[in-house]
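Keep in mind it's a predicted model, so treat the numbers as computed, not measured.
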2 protein chains.
Amino acid sequence: MRQSKGAQGVDGASAKAPTIRDVARVAGVSVASVSRVLNGLGPVTEHTRRKVFDAAAELRYVPHSGARSLSTSRTDTVGVILPDLFGEFFSELIRGLDVAARERGLHLLVSSSHDHADDAAAAVRNLRGRVDGLIVMSPHLASANLAASLVGNLPTLTLNGALDDETQPSIVVDNHGGAAEATRHLIAGGRRSIAHIAGPAGNLEAEARLAGYLEAMADAGLPSRVIDGDFDQASGHRAGRVLASEAERPDAVFAGNDMMAVGALLAFREAGLRCPQDVALCGFDDVPIAALVSPGLTTMRISIADVGRRALGRLADRIGGAATGQQPMREIVRPQLVARESSLSAGDIGATASRAADPVSQGGAR
Amino acid sequence: MRQSKGAQGVDGASAKAPTIRDVARVAGVSVASVSRVLNGLGPVTEHTRRKVFDAAAELRYVPHSGARSLSTSRTDTVGVILPDLFGEFFSELIRGLDVAARERGLHLLVSSSHDHADDAAAAVRNLRGRVDGLIVMSPHLASANLAASLVGNLPTLTLNGALDDETQPSIVVDNHGGAAEATRHLIAGGRRSIAHIAGPAGNLEAEARLAGYLEAMADAGLPSRVIDGDFDQASGHRAGRVLASEAERPDAVFAGNDMMAVGALLAFREAGLRCPQDVALCGFDDVPIAALVSPGLTTMRISIADVGRRALGRLADRIGGAATGQQPMREIVRPQLVARESSLSAGDIGATASRAADPVSQGGAR
DNA sequence: CTGTTAGCGCTTTCAT
DNA sequence: ATGAAAGCGCTAACAG
């Protein structure tokens, strides 16, 4: 291994990293040629090609993508602004984004746990010059809108934003329709007194689900009953305990998400109620736990990784300058009913031998 | 709202974003002054301060952090290279990193799902010039080492890397010790025939846990029994089914992680075995599901968010040029035994009235 | 085919 | 206190 004639030897593990100029000097060519060779662009002689590669290898040269970005005004990175997301929901979303990003050679700059609009806005500002586009998920009032405008004209895709904003490209989950379907499912099972455990006030998704429930109940001419929760398991447990002890105990409960449903399920069990015989139960999201509890939890499935994948795909198209007009501004993801034992109607309760198969359907390595 | 005299009006939502020169021009000062004002550095007259702020506001100027980085050679971003991680483990880790990063005003550039060393190495190269430091988690053979060297001298912190590398700053979970403790816990409960469901071959964590189990069994003079799994629930289910049907059925099972333990638990239930009466069970990780299954799953808890927090903290210190010598190169995280019902010994089985309290202990909003 | 040079947007001496 | 100018490392015309 020969030494470079420059100041830095191959093994100088400290000191500054070599730049393209160092490579050019060692190779005895111009920086332009180095750039061409390394990017496989312009026409180059095999001879210089060799020299450049050799020099680069000798110096352990690694291109400085920051500088490259400044020059090309492309960062090949998309920023992701997320609220305070927990558990599987978060990881599945990132996974979907990551997979789609990798396919396109893009990177992900993630900034999560933004629960306040101004907080998120600040994060967005910091991203200027680091990203080519933005994916913003903001469950609270239209901060996404605000954030996007702050950064000037940066391609932005909103996830589950406010429903009233048709101008911004977005992907939204049809929480309203899903909740209505869940409610109708319980009604179809013969339930008449159906309570809803709602998610936190101010959360757009929680409100949409509540509205869907109310609509379905009203349509069926049934009285509604809402009890507050905040999307976490403990709140579902509290709500379940309250409902179980009421004089007019409901014969079914539709929870705003699975975690609350699981909490309620445990509360029912503690109260000596059988599910689904005494009270049917339905959640929302289809998190992995839903399939594991006993009885299996009926829920509305959202393929969240898929949402992430599609979100990144659309954003990438926009960044790449692909068709803007032909695609609809707003894309809607419809949750899918996954009926498990927790919502079986009285008539069906014999046919439950299939339990064995379900619990192992969900993968999930460490 | 007055119009700027430049080509771009305030509302020109299209066209190019304003640069620092635009601000300088509009404010009638030099770019140097704008930079000083905006960064609150040099001494400036209140008069120019005003003018600069006004101009910036009028143009909706947002600094270009990419350019800034090139100038200052600081990106305020740390890169995170992760393997194919699923579920809670992934999200908790990111959460810990994110919280710690935000405290220090740092960003997170996440690149996940790297299961091959060369794959990860490529990702690392792409990060040069985008990050000030690196957190690399590589469950497979010492690719972390390799990756780190590839990028030259970039502060790097390894998570759960190979055990033989004492030269690189790292945080490692004591999987070996934790597994031994779990095994000893089962032995202490009076179990004698204890099987281990192992994680995937080649995975450093899986191998360390296996080794810990083998050591504890050997120390106790008990024969060991290992059955293969791959860290996901289905493999645990298969292993559990095999074990349940064996002539010499074990009276306890230590699974390499919680997901496999849950799979085994379901298999036992299907086979008509009672847990913990007929067979005790212990997992590893303490994922949220562990507390939710029935019986509650005994496991070794790793506070993974905490690991993330500490990892980022140490890296940030190194980047900031903080003490390098005084801190130990390798930091060890010891898993903690969380005893639930699945490992109760025969004598203790009466005292299980406490079940009600546990299931709601885990938080987790959507 | 290859080298020179002018930026990308910002920070930072160094004069003034 | 302010401005002019030299880079940060790379790419992309434009000449040769």
- Task: Please determine, for the side chain of A/L70, which listed nucleotide (D/dA1, C/dG9, D/dT11) has the closest atom?
- Result: C/dG9
- Message: Walk me through whether B/R309 and B/D306 qualify under salt bridge (Lys or Arg N to Asp or Glu O under 4.0 Å).
- Response: CA-CA 5 Å; B/R309 203 154 25 226; B/D306 196 52; 3.5 Å; yes
- Nearest to the side chain of A/T45, which nucleotide is it out of C/dT2, C/dT11, D/dA13? C/dT2
- Taken to the nearest whole Å, CG/B/D132 to P/D/dC8 is 18 Å
- Whole-Å distance, B/L38 CG to D/dT2 C1', equals 16 Å
- Query: Of all the nucleotides listed (C/dG9, D/dC10, C/dT11), which has the minimum atom distance to the side chain of B/V31?
  - Reply: C/dT11
- Item | Closest listed nucleotide, where the reference is the side chain of B/R68 and the choices are C/dG3, D/dT11, C/dT11 | C/dT11
- A/I20 CD1 to D/dG7 P, straight-line distance once rounded to whole Å: 18 Å
- Task: Starting at atom CZ of B/R50, determine the distance to atom C1' of D/dA1, rounded to an integer number of angstrom.
- Result: 19 Å
- Specify the residue among A/P63 and B/R36 whose closest nucleotide of DNA chain D lies further upstream toward the 5′ end. B/R36
- Query: Just how far, in rounded Å, is C1' of C/dC10 from CZ of B/R21?
  - Reply: 10 Å
- Using the closest heavy atom to pick a nucleotide of DNA chain D for each, name whichever of B/S33 or A/P18 lands nearer the 5' end. B/S33
- Examine D/dT11: is either OP1 or OP2 under 4.0 Å from a nitrogen or oxygen in the side chain of A/T72? Give yes or no. no
- Rounded to the Å, how far apart are B/H64 NE2 and D/dC10 C1'? 14 Å
- Task: Please say which of A/V44, A/N39, A/V29 ends up in a side chain to side chain contact (heavy atoms under 4.5 Å, CB included) with A/V34.
- Result: A/V29
- Does a side-chain N or O from A/T48 land closer than 4.0 Å to OP1 or OP2 of C/dT2, or not? yes
- Task: Report yes or no: is there a donor-acceptor pair, N or O only, under 3.5 Å between the side chain of A/R128 and the base of C/dG9?
- Result: no
- Message: A/I81 and side chain to side chain contact (heavy atoms under 4.5 Å, CB included): which single residue from A/T158, A/L127, A/L159 fits?
- Response: A/L127
- Take the protein atom CG of B/N126 and the nucleotide atom C1' of D/dG9, then report the distance between them rounded to whole Å. 16 Å
- Query: Which nucleotide, C/dT4, D/dA4, C/dT12, lies nearest any side-chain atom of B/L41?
  - Reply: C/dT12
- Among B/L315, B/T156, B/V131, the one residue meeting side chain to side chain contact (heavy atoms under 4.5 Å, CB included) with B/V78: B/L315
- Rounded distance (Å) that lies between atom P of D/dG9 and atom CG of A/L59: 14 Å
- Message: Check this for me, if you would: do A/R25 and A/D22 make a salt bridge, where the nitrogen-to-carboxylate-oxygen distance has to be below 4.0 angstrom?
- Response: yes
- Query: Between C/dC10, D/dC10, D/dA13, which nucleotide has the shortest distance from any of its atoms to the side chain of B/S71?
  - Reply: C/dC10
